[in-house]
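Below: the structure, in structure tokens.
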Protein chains: 2
Amino acid sequence: MRKSYPFGSRATMSETVLSQAALNQATDSHEEPKTLVEGAYQRLRRDIIEGVHAPGEKLRVEHLKEHYDVGAGTLREALLLLVTDALVVAQGQRGFRVAPISIADFEDITRTRVLLETEALRQSIASGGEDWEAAVVAAFHRLSRAEQRLADHDVGTTEEWESRNRAFHEALISASSSRWIRHFQHILYQQSERYRRISLFRQPIARDIHAEHQALFEATMARDATRATSILTEHILRTLDAVKRMPADFFTSKSKR
Amino acid sequence: MRKSYPFGSRATMSETVLSQAALNQATDSHEEPKTLVEGAYQRLRRDIIEGVHAPGEKLRVEHLKEHYDVGAGTLREALLLLVTDALVVAQGQRGFRVAPISIADFEDITRTRVLLETEALRQSIASGGEDWEAAVVAAFHRLSRAEQRLADHDVGTTEEWESRNRAFHEALISASSSRWIRHFQHILYQQSERYRRISLFRQPIARDIHAEHQALFEATMARDATRATSILTEHILRTLDAVKRMPADFFTSKSKR
DNA sequence: GATTGTTAAAATCTCGAGAAAATATATTGA
DNA sequence: TCAATATATTTTCTCGAGATTTTAACAATC
């Protein structure tokens, strides 16, 4: 049997922290769910991000447990896990609710993302090694292929594009020395993904997006932190404009009592 | 059945988000617990921050439920809530554990705090109104009194000082437009509080700390963002030096099996 | 002595049902 | 008709117990 704890071994401090996942939420995306709670958590998260459960909507355990096919307690735990991602809010004796949305919130998310992601990119560029470079190259390649396919109107690949876009952005900052920034970035990215999907402004992913990615990629590989962060900032902020052009009453709540 | 999605009421955007607490963890500090889960959550959080449960320690539900006097399921939920604060980590089929600590982690926390807190202060100075100013003045006054008492060796007030110190820092950034930054800042502050308490380097709160607070306060009231953020940066980073001077093996020990 | 395999103990995960609270509905009175 | 109160229904919260998995203890083999 193996020692399962982080201390007392010979590992250096940084290894100690790096090796164990202090900042993991229970299940990080595409991993195999080891437990019913995690399974329900993953499915619920997907449904919320994709808008199956609308913002502000009440999440009644009694109803949901059927659909997700787990017990009431199990579903409650999954809901609690989603509070970590700020996709669900829990209120005292009044159950759970999908986190509401608003333009102001999206603007906040976007600007905070810029703050964190540019800093993380700066750190990556400063201290990233060959492994990081290789990962960025690979992620960019995969993303480029997907964007090319999209441009050629091979449908059914927008799902794929979103996944690879996330992977690219995460690769860029993967060499950042700050686990906390990456943790917060992950949460914010999830949030913005929800906005992108809910608003139908899933515009057919404009052509110049690829040009932006290309420029971002090149500046990064050239280790030009100033230029890279500048491009990244513009890149992120652009999605904000799109939302601001939405009909003004689009986000005004709803929810049932 | 009724439309379950969020559009169509009359509330303004900002009201929608401001009124409800999208980023609240279940119980924000000193509020009355409305539920057993919240009560256990608060007590557990306090115990973890104060080091009653050591970093890396396994948190066995069967044992803890006695001490906190709640059922197993209830305690599990409280534990899950603590995952949101990154004070507890949950691993698949292997239960819960107090989040481990390390020098590298504390350095990360501190630097990320600087990034977020200076930005939030900048925003507060830029857009804070009279209410904000009044709140800062009040918080500073209360902190000053506590520091004065501490200097006069009236004991038993270090608890009080910590509370007022937190209140002062939160007041400074309370006018920030970014709910997300404040949310993340709150989490990081909690984390660093744990480090401060665990390491015995509860040094008797050096005298010049008050001078720093004074300078920070004055620069803020003068709306000098550059100077204020500079002081704040130094102020936060100073705690880092203290920890780095700890014996090297301080963080490696403890945790049981 | 160290590794591997087997068995026993402990802990986690999961569910269903009862108690408490909140929400919806009905009743009453102006 | 409207407001206020009382009743009924729904939903959340909580607990205890069974099934599964992990962990520990021990034996056997190389």
Side-chain angles (χ1 to χ4, degrees), chain A residues 1-9 20-21 24-27 31-44 53 56-83 88-98 254-257, chain B residues 1-4 20-21 24-27 31-44 53 56-83 88-98 255-257:
Chain A
M1 176 232 125
R2 199 156 354 137
K3 46 170 53 173
S4 58
Y5 51 100
F7 307 103
S9 81
Q20 57 69 248
N24 270 3
Q25 41 263 67
T27 309
E31 285 173 31
E32 282 303 294
K34 294 291 178 199
T35 192
L36 283 191
V37 174
E38 289 176 13
Y41 162 72
Q42 287 183 355
R43 281 177 291 160
L44 260 165
H53 302 296
E57 180 181 318
K58 192 131 197 337
L59 294 169
R60 290 185 185 80
V61 175
E62 294 303 312
H63 295 174
L64 266 47
K65 63 182 230 184
E66 295 175 19
H67 185 263
Y68 291 96
D69 196 40
V70 291
T74 303
L75 188 53
R76 277 182 64 84
E77 292 196 6
L79 255 2
L80 251 4
L81 234 23
L82 281 163
V83 172
V88 163
V89 297
Q91 2 183 19
Q93 198 83 250
R94 262 172 263 169
F96 300 91
R97 204 171 268 280
V98 179
K254 57 138 145 239
S255 83
K256 24 174 108 165
R257 66 173 38 229
Chain B
M1 89 120 83
R2 193 133 27 110
K3 51 165 50 175
S4 59
Q20 57 67 247
N24 269 5
Q25 41 262 65
T27 309
E31 286 174 30
E32 282 302 295
K34 295 291 179 199
T35 192
L36 283 192
V37 173
E38 289 176 13
Y41 162 72
Q42 288 183 355
R43 281 177 290 159
L44 258 165
H53 301 296
E57 180 181 316
K58 192 133 198 335
L59 295 168
R60 291 187 184 77
V61 175
E62 295 302 313
H63 295 174
L64 265 48
K65 64 182 229 183
E66 294 176 20
H67 185 263
Y68 292 95
D69 197 40
V70 291
T74 303
L75 187 54
R76 278 183 62 85
E77 292 196 5
L79 255 1
L80 250 4
L81 233 24
L82 281 162
V83 172
V88 163
V89 298
Q91 359 183 20
Q93 197 82 252
R94 263 172 263 168
F96 301 91
R97 205 171 266 281
V98 179
S255 88
K256 26 175 103 167
R257 66 183 32 227

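Note on naming: letters A, B, ... go to the chains in the order of the sequence lines (proteins, then strands), and numbering restarts at 1 for each one. Please read these numbers as outputs of a predicted model, since none were measured by experiment.
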Show me the side-chain donor-acceptor pairs of residues 63-75 of chain B shorter than 3.5 Å, one per line, residues at least two apart or across chains.
from: B:Tyr68; atom 1: OH; to: B:Asp47; atom 2: OD2; distance (Å): 2.6
from: B:Tyr68; atom 1: OH; to: B:His53; atom 2: NE2; distance (Å): 2.9

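- Applying the side chain to side chain contact (heavy atoms under 4.5 Å, CB included) test between A:Val88 and each of A:Leu44, A:Leu81, A:Val83 identifies A:Val83 as the sole match.
- No donor-acceptor distance shorter than 3.5 angstrom exists from the side chain of A:Gln42 to the backbone of A:Glu38, with no hydrogens or angles considered.
- If you measure from atom CZ of A:Arg60 to atom P of C:dA24, you get 8 Å, rounded to the nearest angstrom.
- Atom CZ in B:Arg76 sits roughly 12 Å away from atom C1' in C:dC15 (whole-Å rounding).
- Nearest-nucleotide positions on DNA chain C place A:Thr74 closer to the 5' end than the other of A:Thr74 and A:Arg94.
- Atom P of nucleotide C:dT12 and atom CZ of B:Phe96 are separated by 8 Å, given to the nearest angstrom.
- The distance between atom CG of A:Leu80 and atom P of C:dC13, rounded to the nearest whole Å, is 14 Å.
- When every heavy atom of A:Val61 is checked against every heavy atom of A:Arg76, the shortest pair comes out as CG2-CG, 4.0 Å.
- Across residues 61-73 of chain A, A:Val61, A:Glu62, A:His63 each have a non-hydrogen atom less than 4.0 Å from an atom of DNA chain D (numbered order).
- Candidate nucleotides D:dT22, D:dC15, D:dC13 were compared by shortest atom distance to the side chain of B:Gln93, and D:dT22 ranks first.
- Remark: B:Lys58 is in phosphate contact with C:dT12, judged by side-chain N or O atoms under 4.0 Å from OP1 or OP2.
- As a whole-Å value, the separation of B:Glu77 CD from D:dT12 P is 12 Å.
- The two residues A:Gln91 and A:Arg97 make their nearest non-hydrogen contact at NE2-NE, 3.2 Å.
- The residue B:Leu79 sits apart from the nucleic acid: no heavy atom pair falls under 4.0 Å.
- In this entry the distance linking CG of B:Leu36 with P of D:dG16 reads 12 Å, nearest Å.
- Taking only side-chain nitrogens and oxygens, A:Lys34 never comes nearer than 4.0 Å to OP1 or OP2 of D:dT21.
- B:Leu82 has its side chain out of reach of B:Phe96: every pair of non-hydrogen atoms, C-beta onward, lies at least 4.5 Å apart.
- Within the nucleic acid shown, B:Leu75 has no heavy atom closer than 4.0 Å to any nucleic acid atom.
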